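To keep things clear, I will list the structure first and then write my remarks on it.
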2 protein chains.
Amino acid sequence: MHALLVEDDDRMAHALVTALAQRGHTVRRVGRASDALQHAHEAEFVLLDLGLPDLDGLELLRRLRAVCDAPLIVVTARCGERDIVQGLRAGADDYVVKPFRTVELMARIDAVRRRTDPSSGGKDIGGGDTGGPVRTGDVEIDPAARTVTVAGAEVRLTRREYDVLAFLAARPGEVHSREEILDRIWGDVYLTASRSLDVHVAGVRAKTGRPGLIRTVRGFGYQLGAADQDDGP
Amino acid sequence: MHALLVEDDDRMAHALVTALAQRGHTVRRVGRASDALQHAHEAEFVLLDLGLPDLDGLELLRRLRAVCDAPLIVVTARCGERDIVQGLRAGADDYVVKPFRTVELMARIDAVRRRTDPSSGGKDIGGGDTGGPVRTGDVEIDPAARTVTVAGAEVRLTRREYDVLAFLAARPGEVHSREEILDRIWGDVYLTASRSLDVHVAGVRAKTGRPGLIRTVRGFGYQLGAADQDDGP
DNA sequence: CGACCCCTGTCATCCCCCTGTCACCTGGGA
DNA sequence: TCCCAGGTGACAGGGGGATGACAGGGGTCG
């Protein structure tokens, strides 16, 4: 079982690497957000410290979730109610507050893996969906670089715009409800009444020049569509 | 979503029932281990207090796990490392120590359900029971993509039309009463006298070009039928 | 200070859902 | 065989919810 440990503190990282190795895991430890995103696709599960210096923790969590569906446990010193709730809503499977007991953390890792290993293989992810670039028509979305190219030319999307597009691209063709998208990207479902999601979807359509790239499923949500064709009737 | 709450303290139970009901869950609350085991099979998820008077909590947890694989969260005052680790190892998906914040507990319930419920996205209608696509004749219904294809060509159904078809497709050949369909999709039985259901069934038949795809059971309801091609005059 | 991004509010449009009506079909009884 | 009653199919029209387009304020970062 290969773990990705995202932790900037050397002493903490060392302790966790030792504990994980004792239980038979191989570990890649990274200390920066960019490295975490780069290696996310290799991980079979992720331990994430939200206190990295170079990127907001919640933001990193959302970006990881956009490219990687592996079990993920947040391990952090942030213990506020808002932190915990937002972390869980943004896609974390569990949330452990420092200081913690190593044995408990290991037990929680096992509990999460118990749920994700046998059953969750249902969705056929793992081919090119999670790690590598996703292409539809002449549009290419590269999660590692956070870039989008249309007909070979790079398009500059804002953070939210890219998040929405990448989230949909993680499972091409699958329909995601408004609630699900807001929950995963914004970490908050109560924005359902807001116009934010619509605005950013419109931004992606306008900047890419491919109105069909994100397809509206009226009354439900959005899905990644074909990029080079306009929708039929 | 139907919850089983195992809690002997009335005040705590009342607070949790209220919180769960506010989030749309139905709750059965029991205060004794024997009742918990009796109702375990109905539960879609379980909240378990380990401090029951009539049976050791860990033992109850193991017995519940023997008869029920639903997501289970331990909610208890026992905060020792040994308690937590044993609880998780005995099959709990999460372990929350009293006193806890209600919002956090709800977020943890959602996080666990996200992993165990394949249709975590939105309503539990379209793709709830069926993991994969359903095919009958040359018609294929894909719950993940919310799409329907006839002879390989995609047919665009509206939300209600798709909901009705997907509901019937979840159990091919089984007859569903009008009441049941209205209850599950509209959440309202009192539309029985309305023509809505008929209209949407007609819509599916017309758009797919397969009149036999949904078969009428006169005086009762509808069922998914064979999607034979239209050899019309 | 300026640029950029995100969120919110408003307006207009679209089309989906519901309803009402009529006609046809089915099944039972005389 | 004929008649009747209830259920269903077909169709059209109104209302309202959902979405797209746009503009403005607030915040952040360089």
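Each chain gets a letter, A, B and so on, in the order the sequences are listed, and its residues count up from 1. Computed from a prediction, not measured in an experiment: that's the story for all the values here. In what follows, every heavy atom counts, from backbone to side chain, and hydrogens, waters and symmetry copies are set aside.
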Round to a whole Å and report the spacing from [atom1] of [X] to [atom2] of [N].
| X | N | atom1 | atom2 | answer |
| --- | --- | --- | --- | --- |
| A:D198 | C:dC11 | CG | C1' | 14 Å |
| A:R156 | C:dA3 | CZ | P | 15 Å |
| B:E161 | C:dC17 | CD | P | 6 Å |
| B:R195 | C:dT19 | CZ | C1' | 10 Å |
| A:L157 | C:dC4 | CG | P | 15 Å |
| B:W186 | C:dC18 | CH2 | C1' | 10 Å |
| B:L182 | C:dC18 | CG | C1' | 12 Å |
| B:H200 | C:dT19 | NE2 | C1' | 11 Å |

Is the closest basic N to carboxylate O distance between [X] and [Y] below 4.0 Å?
| X | Y | value |
| --- | --- | --- |
| A:D94 | B:R108 | yes |
| A:D69 | B:R115 | yes |
| B:E179 | B:R184 | no |

Residue-phosphate contact under 4.0 Å: B:T158 side-chain N/O, C:dC17 OP1/OP2
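Yes, B:T158 has a side-chain N/O under 4.0 Å of OP1/OP2 on C:dC17.
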
Within the pair A:S194 and C:dT8, is there a side-chain N or O less than 4.0 Å away from OP1 or OP2?
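For A:S194, the contact criterion (side-chain N or O under 4.0 Å from OP1 or OP2 of C:dT8) is met.
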
Examine the side chains of A:R205 and A:T216 and answer whether a donor and an acceptor come within less than 3.5 Å of each other.
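Distance-only check passes for A:R205 and A:T216.
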
Give a yes-or-no answer on whether the side chains of A:T149 and A:R135 include a donor-acceptor pair shorter than 3.5 Å.
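No pair is found: no donor N or O on one side chain lies under 3.5 Å from an acceptor on the other.
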
Taking the six-membered ring for Trp, is the centroid-to-centroid distance between A:H176 and A:F167 below 6.0 Å?
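Centroid separation for A:H176 and A:F167: below 6.0 Å.
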
Under 4.0 Å between any heavy atoms, over every strand shown, what does B:V201 touch: base, sugar-phosphate, or nothing? Just pick one.
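No contact at all - B:V201 keeps every heavy atom at 4.0 Å or more from the nucleic acid.
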
What's A:R160 touching, base or sugar-phosphate or nothing? Going by heavy atoms closer than 4.0 Å.
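If one applies the 4.0 Å heavy-atom cut-off, A:R160 turns out to touch the sugar-phosphate alone, with no base involved.
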
Who pairs with B:E161 by side chain to side chain donor-acceptor pair (under 3.5 Å), at least two apart in sequence or on another chain?
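With neighbours one apart ignored, the set is B:T158, B:K207.
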
Which is the 5'-most and which the 3'-most nucleotide of DNA chain D that has an atom under 4.0 Å from a heavy atom of chain B?
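First and last nucleotides in contact are D:dG6 to D:dC11.
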
Nucleotide nearest B:R159 (side chain, heavy atoms from C-beta), chosen from C:dC5, C:dT19, C:dC17
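Of all the options, the side chain of B:R159 is nearest to C:dC17.
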
